[in-house]
Engineer: 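Got a structure for you, written out below as structure tokens; questions coming shortly.
Source: prediction; values computed, not measured. For the single chain, residues carry numbers from 1 onward in sequence order.
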Amino acid sequence: MDQLRAIRYFSKVVEMGSFTKAASAFNVPPSSLSRRVSDLEKSLGATLLKRSTRIVKLTEVGQVYYNDVQQILNQLEQSKETVRSYQTTPMGRLRISSMVGFGEKILLPLLDEFGELYPEIVLDVSLSDELSTLGRDDVDIAIRGGYAPNERVLAIRLMDNGFIPVASPSYLKKCGIPSHVMELKDHNGLYFKAPTGPTPWLCHVNDQWHDVSGPAVAISNNGPWLAKKACDGDGILMSTRWALASYLESGQLIELNFEHRLTITQHADMAVYLLYQKQRYLVPKVKAAVDFLVEKIKIDNESMINV
């Protein structure tokens, strides 16, 4: 940085033809500026300027050096403007990681709209149900279902992630509509396979937790395939409301309601969270994406609840 400062001082002296005027432009003492330029000449082993009491001129080698450093200084100024623009305009590569089902049904359609709003952002999207660590995986934003993480990241709750039981009209006509959660043990089950294994059917009755899972006819981590099997009348499916919204709206699947709420875990308050590191919110591309997704998903979630 000292050499760069000396080069800037030298260039300004040439432009203004005076050490005093150059020093005034940088708001430094003339003696300090003169000493810096002298140090630059010593480091180069060449005299760049002819000094006199009335005027300062370039030597022959000084002219060559001045031409070269002008290109460097101009490039540095352009780079500075690029950084300033980057810090104020959302641009660059934005790395997003999301769980598969949520990504396919909700995130990717929203990112199409986001991409039109911010054409200078390159979207780098990975869909995986494996847990990601923001710092380790070089991810700007992660979307995960479950509980607010303990790692040092900010977690914004996007929507409820509770599971609901559904079945097709044909299955219910054939096998009957269960009126109590305990009757589910006698019904065919379609089970989503999470990283920890198939999700059970649990309920809290008389101050006790009960596993009311019926016999499994299919287990998969592919939500659309399980939903298709449910629509075909193969069994009862437990999945998230956001994943089932289109099937419920079309009438292909019907939500089963019980006095005792059905769930897949004894822990309460499951949700979908948007995760990011606090300091990354200062980067325009990250701030733009976080603000956009939170607002859009909030609106979509309200519409889904009213289905």
Engineer: Check whether S250 reaches the backbone of S246 with its side chain - one donor and one acceptor, N or O, closer than 3.5 Å.
Structural biologist: yes

Engineer: Would you say L117 and V122 are hydrophobically clustered, going by side-chain heavy atoms of ILVMFWY under 4.5 Å?
Structural biologist: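 L117 does not cluster with V122.
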
Engineer: Any side-chain heavy atom of Q70 within less than 4.5 Å of one from S11?
Structural biologist: yes

Engineer: Under a 3.5 Å threshold, yes or no: a donor from one side chain and an acceptor from the other, between R95 and S126?
Structural biologist: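 Note: R95 and S126 side chains miss the donor-acceptor criterion.
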
Engineer: Between L282 and K287, is there a side-chain heavy-atom distance shorter than 4.5 Å?
Structural biologist: no

Engineer: Of all the heavy-atom pairs spanning P109 and G103, show the shortest one and how long it is.
Structural biologist: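 Shortest heavy-atom contact: CD-O, 4.2 Å.
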
Engineer: Taking all non-hydrogen atoms of both residues into account, name the closest pair between H187 and C175 and its distance.
Structural biologist: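 Closest pair (atom of H187, atom of C175, distance): CE1-O, 3.6 Å.
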
Engineer: side-chain contact (heavy atoms from CB on, under 4.5 Å), that's the test. Do L107 and I297 meet it? Break it down for me.
Structural biologist: CA-CA 9 Å; L107 178 64; I297 293 174; 5.7 Å; no

Engineer: Measure from the side-chain N and O atoms of N206 to the backbone N and O of Q208, and report whether any donor-acceptor pair falls under 3.5 Å.
Structural biologist: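 No; zero donor-acceptor contacts below 3.5 Å.
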
Engineer: For I96 and L94, what are the C-alpha separation, side-chain angles and deciding distance, and is it a side-chain contact (heavy atoms from CB on, under 4.5 Å)?
Structural biologist: CA-CA 6 Å; I96 302 177; L94 180 67; 3.8 Å; yes

Engineer: What are the two closest non-hydrogen atoms of L110 and F292, and how far apart are they?
Structural biologist: O-CE2, 3.5 Å

Engineer: Under a 4.0 Å N-O cut-off, is there an ion pair linking R35 with D39?
Structural biologist: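 Not counted as a salt bridge, because no side-chain N and carboxylate O are separated by less than 4.0 Å.
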
Engineer: I need the F192 CZ to I219 CD1 distance, nearest 0.5 Å.
Structural biologist: 12.5 Å

Engineer: What closest approach, in Å, do G233 and S170 show between heavy atoms, and which atom pair accounts for it?
Structural biologist: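 For G233 and S170, the tightest heavy-atom pair comes out as CA-OG, 3.7 Å.
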
Engineer: So, for V61 and A46, which heavy atoms are closest and what is the spacing to 0.1 Å?
Structural biologist: CG1-CB, 4.2 Å

Engineer: Going by the angle between their ring planes, with limits at 30° and 60°, are W242 and F102 parallel, tilted or perpendicular?
Structural biologist: perpendicular

Engineer: Can you measure from CG (N67) to CD1 (I72) and round to the nearest 0.5 angstrom?
Structural biologist: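 N67 CG to I72 CD1: 11.5 Å, rounded to 0.5 Å.
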
Engineer: Which atom pair, heavy atoms only, marks the closest approach of L237 to L190?
Structural biologist: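 For L237 and L190, the tightest heavy-atom pair comes out as CD1-O, 3.4 Å.
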
Engineer: With sequence neighbours excluded, what pairs up with A25 under the side-chain contact (heavy atoms from CB on, under 4.5 Å) test?
Structural biologist: K12, M16

Engineer: Is there side-chain contact between L244 and E255, with at least one heavy-atom pair below 4.5 Å?
Structural biologist: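 Result no, sub-4.5 Å side-chain heavy-atom pair not found.
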
Engineer: Mind checking the CG-CG spacing from L48 to L58? Nearest 0.5 Å is all I need.
Structural biologist: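 CG of L58 is found 8.0 Å from CG of L48.
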
Engineer: Treat each ILVMFWY residue as a node, draw an edge where side-chain heavy atoms are under 4.5 Å apart, and state whether L4 and V28 are in one component.
Structural biologist: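 Yes; tracing contacts between hydrophobic side chains, which count when under 4.5 Å, links both residues.
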
Engineer: Any side-chain heavy atom of L248 within less than 4.5 Å of one from I164?
Structural biologist: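 Sidechains of I164 and L248: in contact.
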
Engineer: Can you find a heavy atom in the side chain of V166 that is under 4.5 Å from one in the side chain of Y247?
Structural biologist: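 No; the side chains remain at least 4.5 Å from each other.
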
Engineer: Using the rule that Ile, Leu, Val, Met, Phe, Trp and Tyr join whenever any side-chain heavy atoms are under 4.5 Å apart, tell me whether V64 and V14 fall into a single cluster.
Structural biologist: no

Engineer: Does C203 have any side-chain contact (heavy atoms from CB on, under 4.5 Å) partners at least two apart in sequence or in another chain, and if so, which?
Structural biologist: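 Testing C203 for side-chain contact (heavy atoms from CB on, under 4.5 Å), a comparison that skips the adjacent residues, returns V181, V205, H210, V212, L262.
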
Engineer: Measure the spacing between CZ of R51 and OG of S34 and express it to the nearest 0.5 Å.
Structural biologist: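 That separation rounds to 5.5 Å.
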
Engineer: Holding to salt bridge (charged side-chain N to carboxylate O under 4.0 Å, His left out), I want the full list of residues that pass it with K105, two or more places apart in sequence or in another chain.
Structural biologist: none

Engineer: Is the side chain of T59 donor-acceptor paired with the backbone N or O of T47 at a distance under 3.5 Å, no angle test?
Structural biologist: yes

Engineer: Would you call R36 and D2 a salt bridge, using N to O less than 4.0 angstrom?
Structural biologist: yes

Engineer: Going by distance alone, is a donor N or O of one side chain under 3.5 Å from an acceptor N or O of the other, for S213 and D211?
Structural biologist: yes

Engineer: Please determine whether residues Y9 and L73 belong to a single hydrophobic cluster, defined as Ile, Leu, Val, Met, Phe, Trp and Tyr linked transitively by side-chain heavy-atom distances below 4.5 Å.
Structural biologist: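 Y9 clusters together with L73.
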
Engineer: For F10 and Y66, take the angle between the two ring planes, folded into 0 to 90°, and tell me which bin it lands in: parallel under 30, tilted 30 to 60, perpendicular over 60.
Structural biologist: perpendicular

Engineer: Rounded to the nearest 0.5 Å, how far apart are CD1 of I143 and CD1 of I156?
Structural biologist: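 Between atom CD1 of I143 and atom CD1 of I156 there are 10.5 Å.
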
Engineer: Are P169 and I254 close enough that some pair of their side-chain heavy atoms sits under 4.5 Å apart?
Structural biologist: yes

Engineer: So do the side chains of D234 and N188 get within less than 4.5 Å of each other, counting heavy atoms only?
Structural biologist: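 Sidechains of N188 and D234: no contact.
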
Engineer: So, for W201 and Y191, is the gap between ring centers shorter than 6.0 Å?
Structural biologist: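 Judged by ring-centre distance (under 6.0 Å), W201 and Y191 do meet the cut-off.
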
Engineer: Run the side-chain contact (heavy atoms from CB on, under 4.5 Å) test against S24 and tell me which residues pass, sequence neighbours left out.
Structural biologist: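 By the side-chain contact (heavy atoms from CB on, under 4.5 Å) rule, S24 matches no residue at all.
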
Engineer: For a side-chain contact (heavy atoms from CB on, under 4.5 Å) check, start with the C-alpha distance between L127 and L108, then their side-chain angles and the critical distance, and finish with the verdict.
Structural biologist: CA-CA 10 Å; L127 302 184; L108 293 182; 4.0 Å; yes

Engineer: Quick one: does L172's side chain get under 4.5 Å of L256's, heavy atoms only?
Structural biologist: yes

Engineer: To the nearest 0.5 Å, how far apart are CZ in R5 and CG in L40?
Structural biologist: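 Reported value, rounded in 0.5 Å steps: 13.0 Å.
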
Engineer: Is there a continuous path of hydrophobic side-chain contacts, each under 4.5 Å between heavy atoms, that joins V290 to V125?
Structural biologist: yes

Engineer: With a cutoff of under 4.5 Å between side-chain heavy atoms, which Ile, Leu, Val, Met, Phe, Trp and Tyr residues group with L202?
Structural biologist: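 Members alongside L202: W209.
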
Engineer: Please assess L184 against F258 for the test side-chain contact (heavy atoms from CB on, under 4.5 Å), listing each intermediate value before the final yes or no.
Structural biologist: CA-CA 11 Å; L184 290 172; F258 301 101; 4.0 Å; yes

Engineer: Taking K285 for its side chain and R93 for its backbone only, find out whether a donor-acceptor pair lies under 3.5 Å.
Structural biologist: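 Flag set: sc K285 to bb R93 pair under 3.5 Å.
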
Engineer: For the backbone of F163 and the side chain of T240, can you confirm whether one donor and one acceptor N or O come within less than 3.5 Å of each other?
Structural biologist: no

Engineer: Which pairs with one or both residues in residues 172-184 pass side-chain hydrogen bond (donor to acceptor under 3.5 Å, both in side chains), sequence neighbours excluded?
Structural biologist: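 Found S179-E183.
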
